[in-house]
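Taking it in order: structure first as structure tokens, then the write-up.
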Number of protein chains: 2
Amino acid sequence: MVYTDGAAPGNGKAGACGGVGVWFGADDPRNVSERLAGPLQTNQRAELTAILRALQLVNLDSPIEIRTDSQYSIDCVTKWYASWVKKGWKTAGGTPVKNADLVKAIRDLMENREAKGTITILTKVVGHSGDYGNDQADRLAVLGAQLPALDEKGLGE
Amino acid sequence: MVYTDGAAPGNGKAGACGGVGVWFGADDPRNVSERLAGPLQTNQRAELTAILRALQLVNLDSPIEIRTDSQYSIDCVTKWYASWVKKGWKTAGGTPVKNADLVKAIRDLMENREAKGTITILTKVVGHSGDYGNDQADRLAVLGAQLPALDEKGLGE
RNA sequence: CGACACCGGAUUUU
DNA sequence: AAAATCCGGTGTCG
């Protein structure tokens, strides 16, 4: 069981900062609190990246339940994905699917796991409703969003 | 120049009590300290009601500057109101606008005043920052919240 | 039209 | 430190 969450202060505005949070448990060394990579700093990319990180951190043989409050992310990798593959990653409106890179990466891992017979479950939790695990993931995501951007060229100036 | 404020001890909890404060000046007979009417006892209704009271107490011909710490109230009657009228009092999210009764009542008075060429200004003050007038209005609001509910049927038991 | 987030702002309170 | 009252905006999809 893992909780994932994304944060994005200033979402939709110039200068937004994405943060990724993954919470396996108290003091679990696999917990993640990191800054979102890349130039597109949006809430959706942060949420998807958190799910991707969770999958990268568990063994292919270990069943997992990922709990997220992002219905969008769940739908991307469980419902909408199939028709996107058929239609060449085009939206119902004909426009290119956004965040396709992340969706594909998550699907790859899910299918690797499925090929091994390993269970992967995505569960929806209501955000900010006193769910302890979700709150912890949120905390980690907010913290991660405050870290410096990753695409800096200089190393410590 | 009038200061208005609302109070609502227990805001959001069952049994919350709304109080309305309007301060024209020291010992001014128009000063108001009253219990919020109706079943919805929230901070926002208290703030809006205080503004409504202020407008009801000044002559249509008298210019007025109302000072409140409620950015919400100011935005309701100066910014958001126009789009709400257009969209049938629906929120940006499609839900019905809350406290529409109070917003409409205030707008009615403002437009009556405007039709007469009378100036009405809403000014934002920072709450609890040593602003004397705001503190006085706050005092009156807190006092008002302690009065018995208005929808009691018996008159003084 | 629907859904879930992400955010920004101001207050009211405990 | 944490909850409730209220709003608008973007991110994304069917």
Side-chain angles (χ1 to χ4, degrees), chain A residues 4-19 21 36 40-48 50 68-84 87 90-93 95-100 102-103 124-130 134-135 138 141-142 145, chain B residues 4-19 21 36 40-48 50 68-81 83-84 87 90-100 102-103 124-129 134 138 141-142 145:
Chain A
T4 68
D5 196 22
N11 190 42
K13 301 248 171 66
C17 298
L36 182 61
L40 284 64
Q41 303 276 312
T42 70
N43 64 323
Q44 315 285 40
R45 289 190 70 80
E47 302 272 11
L48 285 169
T68 174
D69 58 27
S70 173
Q71 189 65 55
Y72 163 77
S73 297
I74 295 177
D75 289 342
C76 278
V77 300
T78 63
K79 290 173 56 175
W80 303 331
Y81 155 78
S83 100
W84 289 343
K87 310 203 306 184
K90 289 286 189 291
T91 268
T95 60
V97 171
K98 303 266 183 70
N99 307 322
L102 293 171
V103 175
K124 170 73 170 72
V125 300
V126 179
H128 305 106
S129 285
N134 179 252
D135 285 348
D138 180 65
V142 170
Chain B
T4 68
D5 198 21
N11 189 43
K13 302 244 171 68
C17 297
L36 181 62
L40 284 64
Q41 303 276 311
T42 69
N43 65 322
Q44 314 285 40
R45 290 190 70 80
E47 301 272 12
L48 285 168
T68 174
D69 57 28
S70 171
Q71 189 67 54
Y72 163 76
S73 298
I74 294 177
D75 288 341
C76 278
V77 300
T78 63
K79 288 175 55 175
W80 302 332
Y81 156 78
S83 101
W84 288 343
K87 308 201 310 182
K90 289 285 189 291
T91 265
T95 60
V97 171
K98 304 269 182 69
N99 308 321
L102 293 171
V103 176
K124 170 73 169 69
V125 299
V126 180
H128 305 104
S129 286
N134 180 253
D138 180 65
V142 170

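Owing to the predicted nature of the structure, the values given are computational and were not obtained by experimental measurement.
- At the heavy-atom level, A:Asp135 lies nowhere under 4.0 Å from the strands shown.
- As judged by a 4.0 angstrom heavy-atom cut-off over every strand, B:Asp69 is placed among residues touching the sugar-phosphate backbone only.
- Nucleic acid contact for B:Ser73: none, since no nucleic acid atom lies under 4.0 Å from a heavy atom of the residue.
- Rounded to whole Å, atom P of C:C6 lies 16 Å from atom CG of A:Asn99.
- Taking atom CG of A:Asp138 as the reference point, atom C1' of C:C7 lies 12 Å away to the nearest angstrom.
- Taking A:Asn11 as the reference, A:Asn43 meet the side chain to side chain donor-acceptor pair (under 3.5 Å) condition, with sequence neighbours excluded.
- Near-neighbour residues of RNA chain C inside residues 6-15 of chain B, defined by a heavy atom below 4.0 Å, number-ordered: B:Gly6, B:Ala7, B:Ala8, B:Pro9, B:Gly10, B:Asn11.
- Looking at heavy-atom distances under 4.0 Å, A:Gln44 makes contact with a base.
- Residues B:Glu47 and B:Asp69 are in side-chain contact: their nearest non-hydrogen atoms beyond the backbone lie under 4.5 Å apart.
- Legend: residues meeting side chain to side chain contact (heavy atoms under 4.5 Å, CB included) with A:Ala50, ordered by chain and number and at least two apart, are A:Thr4, A:Val20, A:Val22.
- Contacts between chain B and DNA chain D, taken as any atom within less than 4.0 angstrom of a protein heavy atom, begin and end at D:dA4 to D:dG9.
- If you check every strand for non-hydrogen atoms under 4.0 Å, A:Lys79 touches nothing.
- Taking atom CH2 of residue B:Trp80 and atom C1' of nucleotide C:G9, one finds them 8 Å apart after rounding to whole Å.
- A close approach under 4.0 Å does occur between a side-chain nitrogen or oxygen of B:Lys124 and OP1 or OP2 of C:U11.
- Every residue was checked against the side chain to side chain donor-acceptor pair (under 3.5 Å) condition with B:Thr68, not counting sequence neighbours, and none meets it.
- For B:Thr91, the side chain to side chain contact (heavy atoms under 4.5 Å, CB included) partners are B:Thr95, B:Val97, not counting sequence neighbours.
- Within 4.0 Å (heavy atoms only), A:Ser83 reaches no atom of the nucleic acid at all.
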